[in-house]
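Okay, structure first, notes after.
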Protein chains: 2
Amino acid sequence: MEDLIKILQSRNIHPSHQRIKILEILEKNEDHMNVNMIYEELLKEIPTISKTTVYNTLSTFAEKGLVHCLTITPEEMRYDYRANPHHHLLCTRCGRIIDVDVQCRYADTMEIDGHCIEEIQGYFKGICRECLSHDKAQKQK
Amino acid sequence: MEDLIKILQSRNIHPSHQRIKILEILEKNEDHMNVNMIYEELLKEIPTISKTTVYNTLSTFAEKGLVHCLTITPEEMRYDYRANPHHHLLCTRCGRIIDVDVQCRYADTMEIDGHCIEEIQGYFKGICRECLSHDKAQKQK
DNA sequence: TATTAGTTTATAATAATTATAACTATGGAA
DNA sequence: TTCCATAGTTATAATTATTATAAACTAATA
């Protein structure tokens, strides 16, 4: 709680009740929630929360560099809360987005073909570990 | 024209007038159009074309592996028509998506952390060559 | 107390995409 | 030729994520 407030303050974000709760949810959940997932979680604690607040808060967080926006799924934006740079796996079976610790060869190159690179976004499509082991378990039956 | 028909036939896609024209537009344009851009181009040649046809056709093309869907821009889907695997640059200045010939170290790894990898999507965010040189020209004035 | 800025909420507007059903063209069978 | 079936196209409506707008609320301060 105190930590969350400090995190917000360090980014010049006024730590309101709603913002603290949203950050808390982002910390607890690892699979890159969309606005609706966050909203549903929030409802359990703040039944009067508005979806607009979720949108506003996340866009403030993104502006201040607290979260990264992932455009991996075509339907909606996903939000990534983790300090170190990393890539993602979009599981085509269960739909989860999972962190993958992989560096790209060009990770620190700031210039390619004359273009100036500011950010690297990479992701894999495939089937996650959990779905694979579930498959195996099914076959053995 | 004949070539376009052959390309469609080789993928088991019946070469209708509309489909040929859409493929033609994809061949001519390099910057990863969205549905609306393609639709606007089509209107010049087929004024009665429907946007639904564009959606249908592109989803057929994607199914048959003729195009790849890019979820780089948050607003809408972009379509990539090019044979060889490559990455992209999203220019934050002009909004174009530009092909970048760069291989990732893990490009042929099919397994990471126990996950099965089927496809790699990578893109960079930055400022493209053209926008950069435009900046320079402005400064010199 | 009154005021102000910042935050949250409710509501409406926008826009990409999908769903549905009607229409059209084509090619084969009778 | 005429009829029919199928695939493809079109028009229209429905869905849904996101943004815009304005009103209501909160907390701090003069």
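Naming: A, B, ... by sequence-line order, numbering from 1 per chain.
Between the NZ atom of K64(A) and the C1' atom of dT7(C) there is a distance of 14 Å, given to the nearest Å. Put simply, CD on Q18(A) is 10 Å from C1' on dT9(C), counting in whole angstrom units. Rounded to whole angstrom, the span from the CG atom of L42(A) across to the C1' atom of dT9(C) amounts to 14 Å. Rounded to an integer number of Å, the gap from L58(B) CG to dG8(D) P is 15 Å. Rounded to an integer number of Å, the gap from NZ of K51(A) to P of dT18(D) is 9 Å. Residue Y39(B) contributes atom OH, which lies 15 Å from atom P of dT17(C) at whole-angstrom precision. Atoms CG (N12(A)) and C1' (dT7(C)) sit 16 Å apart, rounded to a whole Å. Between the NZ atom of K21(B) and the C1' atom of dT9(D) there is a distance of 17 Å, given to the nearest Å.
Nearest heavy atom pair, residue R96(A) against residue C128(A), reads NH2-SG, 3.6 Å. Contact detail for I117(A) and I120(A): the closest heavy-atom pair is CG2-CG1, 4.2 Å.
Minimum atom distance to the side chain of T53(B) is reached by dT9(D), of the listed dT9(D), dT7(C), dT8(C). Among dT10(D), dT8(C), dT18(D), the nucleotide with an atom closest to any side-chain atom of T57(A) is dT8(C). Closest to the side chain of V35(B), from the set dT9(C), dT10(D), dT17(C), is dT17(C).
Taking side-chain N and O atoms only, S16(B) has a distance below 4.0 Å to OP1 or OP2 of dT9(D). Within the 4.0 Å cut-off from OP1 or OP2 of dT10(D), at least one side-chain nitrogen or oxygen of T48(B) is found.
Judged by closest nucleotide on DNA chain D, E76(A) is the one of T52(A) and E76(A) placed further toward the 5' end.
The residue N56(B) sits close to a base: some heavy atom pair falls under 4.0 Å.
Contact check on K125(B) versus E118(A) returns no salt bridge, with no Lys/Arg side-chain nitrogen under 4.0 Å from an Asp/Glu carboxylate oxygen. Taking the charged nitrogens against the carboxylate oxygens, E130(A) and R93(A) have no contact shorter than 4.0 Å, which rules out a salt bridge. Look at D113(A) and R129(B) and you find no salt bridge, because none of the NZ, NE, NH1 or NH2 atoms lies under 4.0 Å from a carboxylate O.
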